Amino acid sequence: MPSKRILLVIVSVFALLGLVSACSGGSTEPTSGGEKVVETVIVKETVIVEKAAEEQIPEGATVIDFWHAFGGGRKLLIERMVADYNYTHPGVYVRVENKGSYRDTLNAAILAAQQGNAPHVVQIFEIGSQLALDSGIFMPIEDVVQGPEFQPDDYIPAVANYYKINGKFNSLPWNSSNPILYYNKDIFRKAGLDPEKPPQTFEEMLSACETIVSSGAAKNCISWPLHGWFFEQWMANMGAELANNGNGRDARATEVYLDGDAAKTILNWWKEMYDKGYYAYSGKLEDWDGADAIFVSGQAAMEITSTSDVVNRQNDAAENGFELGTSYLPYPASSERQGVIVGGASIWLTKDHPDNELQAAKDFMIWFTNTENAIRWHKATGYFPVRKSAVDVLEVENWFELNPAYKAAFDQLLETKETKATQGALIGAFPEVRTIIEQAVEKVLAGEATVDEALSAAQKDANKAVQDYNKSVE
Amino acid sequence: MYTAKFKGRFLPWLFLTPTLVILVVFLYYPVVQTFVLSTYRVAFLGLRKKFIGLDNFVSLAQDTGYWHTVWVTLIITAVVVVGGLGISLAIAMLANRDLRGGSIYRVLLIWPFALSPAVTGVIFLFMFSPGFGAINYLTEQITGSELNWLGNPRLAITLIILASIWRNLGYNVVFYLAGLQNLNTEVLEAASIDGATNWQRFWKVTFALLSPMSFFLLITNITYSFFDLFGMIDIVTKGGPLDATNVMIYNLYRDGFEYYKTGLAAAQSVILFAVVVGLTIIQFRTTGTRVHYGG
């Protein structure tokens, strides 16, 4: 479809022109952790949003600032939810603002706090949790919420497990996701594979890929972004911790574990998949869109990406006329499946506000993540519902039966075993450690280093990054 | 030289105040702050800091990764400047001839400069992307194997260089065209009469007379390669693969805003600042001496 491609180019160029003129030099692409933020900036949406920003703040209302990192349709949804809150809560006005990527949002919040002007509520990505704690500009939400308004036991264990730090919720879980396998059932049929039996293990993946590629059903077998997040997930799935001191949960992590057997198994498999032409990626680090393009265009039969993409992938499948299936993240047969780490983000409360603002902000945070809104958010995006009560309602509605694509995402999380590994690592220098891991994978795929060499070099660099960071916050 | 005389000392300063305020607030103050920050170990964009003297510079000097970014920057700059200026001059020579519809060609040649480096990056990304890029498709048809433009370090740096040269072509061509059109044709005629070959006419007369223009473009292109490629690199390669396109300015951004090493990033800023100052000094010193002005 060349005409469609050209249109895509034109639209993107214009969208970028707009973005670039708005924030020249700034990073326009989300550098997310656990999930991706699809930037479908359309001129029309921008206009609506700008109009909303001009909206009048009711006189005498307590103004609460809420900063988040979502663009496109999700941004509109958030604004609609906030408008609902403002409508039903006279006397309080929540002012919602998108601050760019996850990193931009955290940076903006820290800078604003330095000026004594911190927003009340900030969305922070999961691997920024330790950074947020160390920054000292936030206060644990559990110190403010008391009594029946807060139901800590209502959170799904895996979610509570991630966001409880030192036994306490420091933030309220909001958008949560994990990686799943998406596959094109039509290509499976063409290759003579059972479209209801996607590969579960690394070994099954290799043999399914051989069938798919050698039968000519697809040029490549599978794609996922070259992103450290997948490496972290596979480590957890094998029960391996990423950092010492109980994955940084018992005490501040001072070392990482990148050269163990689990890491080697992952990289050896990744390399084999790549060398045989089964695994394809765009060549760029953290390029979610590149992996999507490879899968959606039919160049690859499978894609591993975030559950937050369920809605997007379903739309892609409908547009391109193929049948979509979802399944669990594959794991090596040599180990038992332990489950996945919760990715995504949570909302944090900043400190040092007058009491009325604090109360209003807390009230908004609880409302925003309540059962009803968790369901609304899940259905519109694919991020999984973080509350048990939300799951109950969805089950009553037969939601998972009617929408099987959401089910794999959800079951995988429910089956996750509660261990230090699946709890996810807390590392201050996580953003840098992640890049170091990605570069190690890159080196191995390019054949510039063996798995052992790359991992031991990464181990050294990551430890230095962790220790430098720790020095800076002492 | 024309000099204006003001009555009293106060008035000129009053007129200068708006400019001075803007310069001090948005230029001099941040520069001073950057110098101060470069001597600290800073956490969280300045929330916490500790004086460490020149340690940031020492650790940069000892970091092979940083030297790699210096090397990458120098390679990209050298190829973009020499290649870009050479191609621009050749195109300007061609466009300068009397052609039917020549002015249309000239306008079209200026076009790329209307795009920011980031937008140029997006266009090249779409052309060279594996899987759906048009150029990628063509090279695959011709060579029979897929070239991984974003995954192979050499190809990625080539791609950045191509896009950078293309983006600045319009700018360079415009200046060269202006230079060519202002050339004193009598000198060229005199050279012809004296029996100079075409090559001698070009090299000894045209190129020599264009040297002030070339020099000006040399400086602006070096600055462009050092600083303006950030947007393009952020969009096309993100400094990868394997840091092959991780230029100094991109490394600075990553350390400062992604890894929260503000002090280290400030030190890198100071180094880039020194480069700019150096270039400016060279520009001022050599103006009027080494290059050939006038006919």
Side-chain angles (χ1 to χ4, degrees), chain A residues 2 5 8-9 12-13 15-17 19-21 24-29 31 103-104 106-107 110-111 113-114 131 134-137 219-220 223 226 280-287 290 293-294 297 299-300 428-429 431-432 435 438-439 442-443 445-446 448 461 465 468-469 471-474, chain B residues 40-50 52 59 65 115-119 121-123 125-134 146-153 155-156 227-228 230-231 234-244 249 253-264:
Chain A
R5 191 176 298 152
L8 186 69
V9 173
S12 314
V13 167
L16 264 136
L17 269 171
L19 279 173
V20 167
S21 63
S24 91
S27 167
T28 54
E29 221 160 286
T31 42
R103 273 172 183 148
D104 296 339
L106 178 56
N107 292 354
I110 290 171
L111 288 174
Q114 251 174 302
L131 282 166
D134 292 335
S135 76
I137 67 166
K219 188 174 148 213
N220 301 108
S223 181
L226 203 170
Y281 75 111
S282 69
K284 188 161 60 153
L285 296 186
E286 305 195 358
D287 186 6
I294 291 170
S297 66
Q299 190 188 322
E432 197 178 353
T435 310
E438 287 161 1
Q439 290 184 336
E442 219 174 14
K443 251 186 252 170
L445 295 189
E448 294 200 5
D461 291 349
D468 283 352
Y469 173 91
K471 255 188 251 166
S472 77
V473 294
E474 264 163 18
Chain B
Y40 281 84
R41 182 186 288 130
V42 188
F44 305 110
L45 311 163
L47 269 184
R48 258 176 252 179
K49 45 188 178 176
K50 187 179 160 209
I52 52 166
S59 56
L115 304 173
S116 79
V119 174
V122 175
I123 294 170
L125 189 58
F126 270 104
M127 292 196 297
F128 288 85
S129 259
F132 57 92
E146 195 174 2
L147 294 179
N148 193 348
W149 286 96
L150 299 175
N152 177 311
L155 289 176
F227 299 98
D228 288 357
F230 172 82
D234 191 43
I235 282 176
V236 180
T237 60
K238 292 209 170 294
L242 295 171
D243 279 342
I249 190 92
Y253 163 78
R254 230 165 39 175
D255 276 345
F257 298 99
E258 295 195 352
Y259 303 155
Y260 300 97
K261 297 196 268 193
T262 315
L264 203 64

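Labels below follow one simple rule: chain letters A, B, ... track the order of the sequence lines, proteins then strands, and each chain is numbered from 1. Just the heavy atoms: all of them, side chains too, but no hydrogens, waters or symmetry mates, feed the values below. Owing to the predicted nature of the structure, the values given are computational and were not obtained by experimental measurement.
Only the side chain of B:Lys261 comes within less than 4.5 Å of a heavy atom in chain A; its backbone stays farther off. Neither the backbone nor the side chain of B:Pro117 comes within less than 4.5 Å of any heavy atom of chain A. Both the backbone and the side chain of A:Asp134 come within less than 4.5 Å of a heavy atom of chain B. When heavy atoms are compared at a cutoff of 4.5 Å, A:Glu438 does not approach chain B at all.
No donor-acceptor contact under 3.5 angstrom links the side chains of B:Tyr253 and B:Asp234, judged on distance only.
Of the inter-residue distances, the one linking A:Glu442 atom CD with A:Leu226 atom CG reads 6.0 Å to the nearest 0.5 angstrom.
When each of B:Asp243, B:Leu125, B:Asn148, B:Asp228 is scored by its heavy-atom pairs under 4.5 Å with chain A, the top score falls to B:Asp243. Highest contact tally toward chain B, considering only A:Ile137, A:Thr435, A:Asp461, is held by A:Thr435 [criterion: heavy-atom pairs under 4.5 Å].
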Would you please test B:Val236 and B:Phe128 for side-chain contact (heavy atoms from CB on, under 4.5 Å) and show each step?
CA-CA 10 Å; B:Val236 180; B:Phe128 288 85; over 6 Å; no
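In terms of heavy-atom proximity, B:Tyr40 sits nearest to B:Ile52 at C-CG1, 3.7 Å.
Within a 6.0 Å sphere centred on OH of B:Tyr259, other residues, nucleotides and ligands contribute more than 12 heavy atoms.
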